[in-house]
Amino acid sequence: MECVVQGIIETQHVEALEILLQGLCGVHKERLRIHEICLKSGPNLGVVASEVRLLCDLEQPESTWTVRHIGGAMRGAGAEQISVLVRTMVESKVSKNALRLFYALGYKLDHELLRVGFTFHFQRGAQITVTVSSVNKMLKLHATDEAVPVTPGIQLVEVTAPASAENYSEVVAAVSSFCEYLAPLLHLSKPGISTGVVPTAAAAAASLMSDGGGTPL
Amino acid sequence: MTLKWVLHWQPNAGSTVNSQILSEVSQCVESINGVKEGRWRATLTFYKPHTREQSMVAEFPRDFLGILLPEQPNKYYFIIRGQRIVLEADSSIQTLMEKLQSYKTRVALHFDGFQYQLGDFQLRVGKVVPTHSENLRGIVMEVEYVPISSVEKARQIMEEFLDIWQEAVSKRSLPGHFMHMEPNFAEYGLTDHYTSQHTAVQYATVMAQLIATVQAVQSVRN
């Protein structure tokens, strides 16, 4: 299970966001370069269609692979009232052959992306990960060296935290509370509910940049 | 990861495997001074695709299987033998596959028995039984040579050990013998350095042999 919120920020304000996150998290950023291959089951496989994502971490000296399945979101009146999405998510590290295996099992390529940016991993009431990245598409199959931004000038910000059926309320609270600190620069909400950039972003960014990140929040 | 060979019991034409043979084989290990250490278990699962109609099943691999090895309790291995694919994954991959609902378990088998220490060798003798039955389907044996991890470098000493072992077994006049069929590891993208992926591939090969043996017996009966 995981808790997720997303938002967008203009590329020109990413540096300010990085300063803000550095101050909030107290850890160093890690560079991110992930080739994400999204597969869907072929027409005759399964009673319902299924999707699986293969993530290849290109930032490591030798690429490492993860398989991830994102399941349905929590539903009901309680779920609608919270501002964070809670959904099932299962992932597994795998050896190099994952793409060949899933093709052989009857999965087909739906789309692929290259995410380039950085992440912060830290503990603040929950194990939180903030990812800031540009989402890029490949002009030729698997050609990660020739990727172009899907939305030039805009980057995606994702805040996630692992959760379980027993503790998701605490994790939701931790994520919501953390997101409030980012409010001057961007608005974070459930994936699928887009709110656009925030009007205070430019001013907040200017303040962070001139401050140099020296003032603790 | 140290090297091992996985052997299977090949019954003579017209005979089948039974628990008496298993008992004799275990006694044979002890007769060459193998020291019994404890139990072991591996599990092999055959998967079949979920399809809306039975006729669609033929579009998908029939030999897709998953293996849980006792020396790697946090890992799971997938193999599609016909396409020479092996994948090592975290054991959470089983939950992931259940969530996808594209494949389900067709049949699962345990490889179950005792392990023995014999100098630099570790031996495991196991019966092959479906998970909810005591129906003996086969006998397997693992011969592990602890000091070496190279498939090629260990070959001679493994062959010498196997000669000693086969001679010890033949003295009991059992209706069959152990066979070692080494898969072409390179076809699976595996190197000379031995890993648990090599073990998983050997189990898949043994399974194919056991199935072929059962089918041969059935066709003779028919």
Side-chain angles (χ1 to χ4, degrees), chain A residues 1-2 36-57 60 62-75 86-110 127 160 162-165, chain B residues 1 46-68 72 74-104 185 187-191 193 195-198 200-201 204:
Chain A
M1 240 176 164
E2 64 173 3
E36 192 172 308
I37 303 173
C38 300
L39 305 177
K40 268 204 173 112
S41 52
N44 294 332
L45 180 61
V47 174
V48 292
S50 56
E51 268 182 40
V52 66
R53 284 162 206 243
L54 268 47
L55 307 168
C56 183
D57 186 346
Q60 305 302 319
E62 209 175 298
S63 314
T64 58
W65 288 84
T66 303
V67 174
R68 181 182 288 169
H69 171 68
I70 293 173
M74 208 173 75
R75 288 184 212 275
V86 183
R87 65 187 182 192
T88 57
M89 192 279 288
V90 185
E91 62 180 24
S92 165
K93 287 200 173 39
V94 289
S95 54
K96 305 190 298 255
N97 261 331
L99 188 58
R100 268 192 76 208
L101 181 93
F102 278 97
Y103 278 154
L105 293 178
Y107 281 82
K108 315 277 183 211
L109 178 68
D110 185 66
Q127 193 61 36
T160 60
S164 67
Chain B
M1 186 71 228
F46 276 98
Y47 295 98
K48 62 177 173 176
H50 265 289
T51 54
R52 280 187 302 280
E53 285 165 41
Q54 185 58 29
S55 58
M56 295 170 177
V57 167
E59 289 174 36
F60 303 101
R62 254 196 80 74
D63 56 351
F64 172 42
L65 45 93
I67 299 177
L68 179 62
Q72 301 280 7
N74 300 322
K75 297 282 182 193
Y76 198 70
Y77 298 86
F78 280 134
I79 296 171
I80 302 178
R81 203 173 145 266
Q83 301 191 38
R84 303 294 190 261
I85 298 174
V86 60
L87 184 85
E88 179 180 88
D90 292 341
S91 43
S92 53
I93 196 82
Q94 294 170 268
T95 307
L96 195 147
M97 291 303 290
E98 277 168 42
K99 299 275 185 204
L100 291 176
Q101 293 185 49
S102 48
Y103 284 82
K104 58 188 172 187
F185 292 123
E187 284 181 352
Y188 286 85
L190 300 176
T191 67
H193 182 82
T195 65
S196 294
Q197 291 188 56
H198 291 72
V201 167

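Every value quoted in this text rests on a predicted model; they were computed, and no experiment measured them. Letters A, B, ... are given to chains in the order of the sequence lines, protein chains preceding strands, and every chain is numbered from 1.
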#### Entry: Which of B/F60, B/F78, B/F64, B/Y47 touches chain A most, by non-hydrogen pairs under 4.5 Å
B/F60
### Message
Counting heavy-atom pairs closer than 4.5 Å to chain A, which one of B/I93, B/T51, B/V57 comes out on top?
### Response
B/I93
### Task
Output the option from A/S95, A/S50, A/G46 having the highest count of non-hydrogen pairs under 4.5 Å with chain B.
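It is A/S95.
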### Message
Tell me which of these, A/L101, A/V52, A/V48, A/V67, has more heavy-atom pairs under 4.5 Å with chain B than the rest.
### Response
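Result: the option with the highest number of such pairs is A/L101.
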### Message
Is it the case that over 12 heavy atoms from other parts of the model lie below 6.0 angstrom from the CD atom of A/Q60?
### Response
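Atom CD in A/Q60 is packed in, count exceeds 12.
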### Query
Are more than 12 heavy atoms from other residues, nucleotides or ligands located less than 6.0 Å from atom CZ of A/R87?
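Yes, enclosed.
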Which bit of [X] comes within less than 4.5 Å of chain A, counting heavy atoms only: side chain, backbone, both or neither?
X      : result
B/Y103 : side chain
B/E88  : both
B/Q197 : side chain
B/Y188 : backbone

### Query
Going through the checks in order, is the side chain to side chain contact (heavy atoms under 4.5 Å, CB included) test met by A/V94 and A/T66?
CA-CA 6 Å; A/V94 289; A/T66 303; 5.9 Å; no
### Message
Determine whether A/K40 and A/K108 satisfy the following criterion, side chain to side chain contact (heavy atoms under 4.5 Å, CB included), listing intermediate values before the conclusion.
### Response
CA-CA 5 Å; A/K40 268 204 173 112; A/K108 315 277 183 211; 5.7 Å; no
### Message
Please evaluate residues A/W65 and A/I37 with respect to the criterion side chain to side chain contact (heavy atoms under 4.5 Å, CB included), reporting the C-alpha separation (whole Å), side-chain torsions for both, the decisive distance (0.1 Å), and the verdict.
### Response
CA-CA 11 Å; A/W65 288 84; A/I37 303 173; 4.0 Å; yes
### Task
With a 4.5 angstrom heavy-atom cut-off, could you sort out which part of A/Y103 is near chain B: side chain, backbone, both or neither?
neither
### Query
Is there a donor-acceptor contact under 3.5 Å linking the side chains of A/Y107 and B/S102?
yes
### Query
How many angstroms lie between NZ in A/K96 and CD in A/E62, if you round to the nearest 0.5 Å?
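Taking NZ in A/K96 and CD in A/E62, the distance rounds to 6.5 Å.
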